[in-house]
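Report on one structure; see the data block that follows.
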Amino acid sequence: MEKIKMTTPLVEMDGDEMTRILWAMIKDKLILPFVDLKTEYYDLSLLHRNETKDQVTVDAANATKKYGVAVKCATITPNKQRMEEYPQLTEMWKSPNGTIRSILDGTVFRTPICIDAIKPVVKNWKKPITIARHAYGDVYKSVDFVTEKPGTCTMTFKSDDGTEEKTVTVQKTDGPTVWQGAHNKDKSIRSFARSCFQYALDTKQDLWFSTKDTIAKVYDGEFKKIFEEEFEGYKAKFEELGITYFYTLIDDAVARVIRSQGGYIWACKNYDGDVMSDMVSTAFGSLAMMTSVLVAPDGTTEYEAAHGTVTKHYYKHLKGEKTSTNSMATIFAWSGALRKRGELDGLAGLADYANKLEEACFDALNAGIMTKDLVGLVEPGFEARAVNSEEFLDAIAERLAKKLG
Ligand code: NAP
Ligand code: MG
């Protein structure tokens, strides 16, 4: 069989621990035998980030901007404990995902991979629900303090050039009080809106957006207004695809989400997205079945798994023990990226390969071949067999080879 050709390279960001092991296995078993893979490779493993003083992360993000599509392996974000584990680290390097997100000015979209044998906790959910979380500002960049005495708190803005000044009384208080000052930037909200509209077009799904603008009339009202303004630029394309943009109050959104069948993108403000993404992902089943896509306002896209480096499994692997680590989300990161590359470059064969790779994954799972984490989640009566990390990939490879003739 002739291998499927690529024209533009895909930005490939390798990572750490168990997911790095899976990464190499996925390439060897599922991609390289079928695709003449063209990537620009960046090693984002912790020690290589350390050696390059984290320049490699910045370079990888810039390459993503240049080529438009990237696939990323999970990486360690060092903390105190990691600093002890890796004494050679010269700095507690920042989260690579944070660095890449800020360079691309992107929004993260998380989508569960659903199979019939694992029913969501919410029984009417038939299709995945994608959560888009705005990742800048509000309570995450707020300042707060506690005061003891009766008094008045005011909030003042002064422009650098002295031409704009505003003061409001936050509250006059009669005793101990806790205060908070939060902000968001027009530019960030606008980028968030564009990434959401862009991703809705890419995935041909309706976009929902919710805030609490009946209470935070100015603050959340600004979000609502900016989304409406930005939507003007996408309206025609939405109509063409027959998808809709729908704004509603967060309370109403929560009720509708629970009663819905799924199959749309739900855009949330920073805090709402933090909370709702945990709720939705738990209700759908497993973190190991959750994909994560970073989308920039200009459509630049980076695909990855939502889970981390699966440290515990890695230590078992190092001891020579067999692991049963679920590679679904990492495989779907690759298929997502290759499909996108195929669509951008007009390579129908590459996009078709990506679809078949995903079908082969579903075929293996539907045949009851799964990793341990999923076996415990299947419906009663469904016969599932726990296999190890490698056997799972082999089962997919076998099915993929058949599909590709
Ligand atoms: P984790 O790697 O997601 O793993 C937590 C636990 O979830 C695992 O121990 C495992 O449970 C289960 N799990 C996660 N993914 C799985 C998979 N694919 N197959 C089977 N089970 C899976 O989270 P963590 O242990 O909190 O973090 C480990 C490292 O990952 C940290 O250094 C963190 O900085 C990094 N991290 C990176 C990213 C990223 O790059 N996007 C995201 C999150 C965390 P059992 O042990 O019970 O089997
Ligand atoms: Mg959370």
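Computed from a predicted structure; not experimentally measured. Start at 1 and go down the list; that is how both ligands and their atoms are numbered.
Some N or O of His307 is nearer than 3.5 Å to an N or O of ligand 1, by distance alone. Checked against a 3.5 angstrom limit, the closest N/O atoms of Thr77 and ligand 1 fall inside it. Residue Ile76 has no nitrogen or oxygen atom sitting less than 3.5 Å from a nitrogen or oxygen atom of ligand 1, judged on distance alone. Inclusion of Ala306 in the set of residues having an N or O under 3.5 Å from an N or O of ligand 1 is not warranted. Ligand 1 has no N or O atom lying under 3.5 Å from any N or O atom of Ser327, backbone or side chain. Residue-to-ligand polar distances keep Glu17 apart from ligand 1: every N/O pair is separated by 3.5 Å or more. Ligand 1 has no nitrogen or oxygen under 3.5 angstrom from a nitrogen or oxygen of Asp373.
Checking atom 6 (C) of ligand 1 against the protein gives no heavy-atom contact under 4.0 Å. At least one protein heavy atom sits closer than 4.0 Å to atom 17 (C) of ligand 1.
Under a 4.0 Å N-O distance rule, the pair Asp352/Lys403 does not qualify as a salt bridge. Salt-bridge formation is detected for the pair Arg341/Asp345: a Lys NZ or Arg NE/NH1/NH2 atom is positioned less than 4.0 Å from an Asp or Glu carboxylate oxygen.
At a 4.0 Å cut-off, not a single heavy atom of Lys372 sits close enough to ligand 1 to count as contact.
Here Met328 has no heavy atoms under 4.0 Å from ligand 1, in either its backbone or its side chain.
Comparing heavy-atom distances from atom 25 (O) of ligand 1 across Thr19, Thr311, Thr323, Ile100 singles out Thr311 as nearest.
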